[in-house]
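Numbering of residues begins at 1 and proceeds along the displayed sequence. Worth knowing before you read on, the calculation uses all heavy atoms, side chains too, and leaves out hydrogens, waters and symmetry mates. Since the model is a prediction, treat every value here as computed from it, not as a measurement.
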Amino acid sequence: QVQLGESGGGLVQAGGSLRLSCAASGPSISTYYMGWFRQAPGMEREFVAAIRWSGSSTYYADSVKGRFTISRDNAKNTVYLQMNSLKPEDTARYFCAANRGVVVSTTSRNYDYWGQGTQVTVSS
């Protein structure tokens, strides 16, 4: 059973930064793509970024490209999302997810495991 746990959310002023962490554990976790999604109240869950445990490829939603950076620490089984130049529209609950597929997906339905999320609120 794969387990994911997010941390690092909080309240920040527009233009500020946060770093989210996702601690991952479970069998065959190293074969999964890891993704970040976010969901604001009344909105659909949307893709933010994804990474694999090996290689150098990363994937970003256009809305966060150039501001957010996804990274990993394999020794700690942890994936990070560095969030810079935050905007009020970034306000959402951010979820870590694991996709067991062989290719990256930006669709939440294709992810098999989810954390409970961490809240990010950006004030004007």
Side-chain angles (χ1 to χ4, degrees):
Q1 179 65 48
V2 171
Q3 296 185 17
L4 307 173
E6 305 96 332
S7 62
L11 173 65
V12 297
Q13 189 78 13
S17 298
L18 286 173
R19 189 179 74 162
L20 307 183
S21 299
C22 172
S25 64
S28 301
I29 189 64
S30 63
T31 69
Y32 285 54
Y33 281 96
M34 304 298 297
W36 286 98
F37 289 77
R38 65 187 183 185
Q39 187 169 26
M43 304 294 290
E44 295 183 357
R45 189 168 297 184
E46 66 174 344
F47 172 79
V48 176
I51 194 171
R52 202 164 184 173
W53 291 104
S54 61
S56 59
S57 296
T58 56
Y59 309 86
Y60 297 95
D62 288 342
S63 59
V64 306
K65 194 172 298 182
R67 299 187 298 120
F68 292 9
T69 303
I70 189 170
S71 62
R72 64 177 188 260
D73 186 333
N74 290 34
K76 296 181 179 179
N77 293 327
T78 300
V79 176
Y80 303 97
L81 185 68
Q82 179 66 46
M83 310 164 67
N84 298 328
S85 301
L86 283 162
K87 305 174 181 179
E89 51 262 45
D90 295 317
T91 295
R93 191 166 186 86
Y94 284 70
F95 297 88
C96 180
N99 170 24
R100 64 183 179 183
V102 297
V103 296
V104 69
S105 175
T106 61
T107 302
S108 62
R109 293 187 301 272
N110 291 337
Y111 283 74
D112 301 283
Y113 302 98
W114 295 84
Q116 293 196 168
T118 184
Q119 180 67 34
V120 172
T121 302
V122 184
S123 62
S124 301

Exercise. Excluding sequence neighbours, so at least two apart, what forms salt bridge (charged side-chain N to carboxylate O under 4.0 Å, His left out) with D62?
Worked result: K65
Exercise. Okay, side chain of T118, backbone of G9: is any donor-acceptor separation there less than 3.5 Å?
Worked result: yes
Problem set entry | Whether N110 side chain and N99 backbone form a donor-acceptor pair below 3.5 Å | no
For this session: Please step through side chain to side chain contact (heavy atoms under 4.5 Å, CB included) for the pair L86 and F68, ending with a clear verdict.
Result: CA-CA 9 Å; L86 283 162; F68 292 9; 3.8 Å; yes
Exercise. Hey, does the side chain of T107 reach the backbone of R109 with a donor-acceptor pair shorter than 3.5 angstrom?
Worked result: no
Problem set entry | Short side-chain to backbone donor-acceptor contact, E6 and Q116, under 3.5 Å | yes
Exercise. Any chance the rings of F37 and F95 have centres within less than 6.0 Å?
Worked result: no
Problem set entry | Face-on cation placement of R19 at Y80 ring, 6.0 Å and 45° thresholds | yes
For this session: Examine distances only and state if a side-chain atom of Y60 and a backbone atom of I70 form a donor-acceptor pair shorter than 3.5 Å.
Result: yes
Exercise. Which heavy-atom pair separates A50 from Y111 by the least distance, and what is that distance?
Worked result: CB-OH, 4.0 Å
For this session: May I ask you to decide if G26's main-chain N or O and Q3's side chain share a donor-acceptor pair within less than 3.5 Å?
Result: no
For this session: Look at the side chain of T106 and the backbone N and O of F47, then say whether any donor-acceptor pair between them is shorter than 3.5 Å.
Result: no
For this session: Could you please spell out the steps behind the side chain to side chain contact (heavy atoms under 4.5 Å, CB included) verdict for I51 and Y33?
Result: CA-CA 6 Å; I51 194 171; Y33 281 96; over 6 Å; no
Exercise. Under the 3.5 angstrom rule, does the side chain of R93 hit a backbone N or O of Q39 as a donor-acceptor pair?
Worked result: no
For this session: Starting from the C-alpha separation in whole Å, work towards a yes-or-no answer on side chain to side chain contact (heavy atoms under 4.5 Å, CB included) for Q82 and L20.
Result: CA-CA 6 Å; Q82 179 66 46; L20 307 183; over 6 Å; no
For this session: Give the intermediate values and the outcome of side chain to side chain donor-acceptor pair (under 3.5 Å) for residues N84 and S17.
Result: CA-CA 4 Å; N84 298 328; S17 298; 2.9 Å; yes
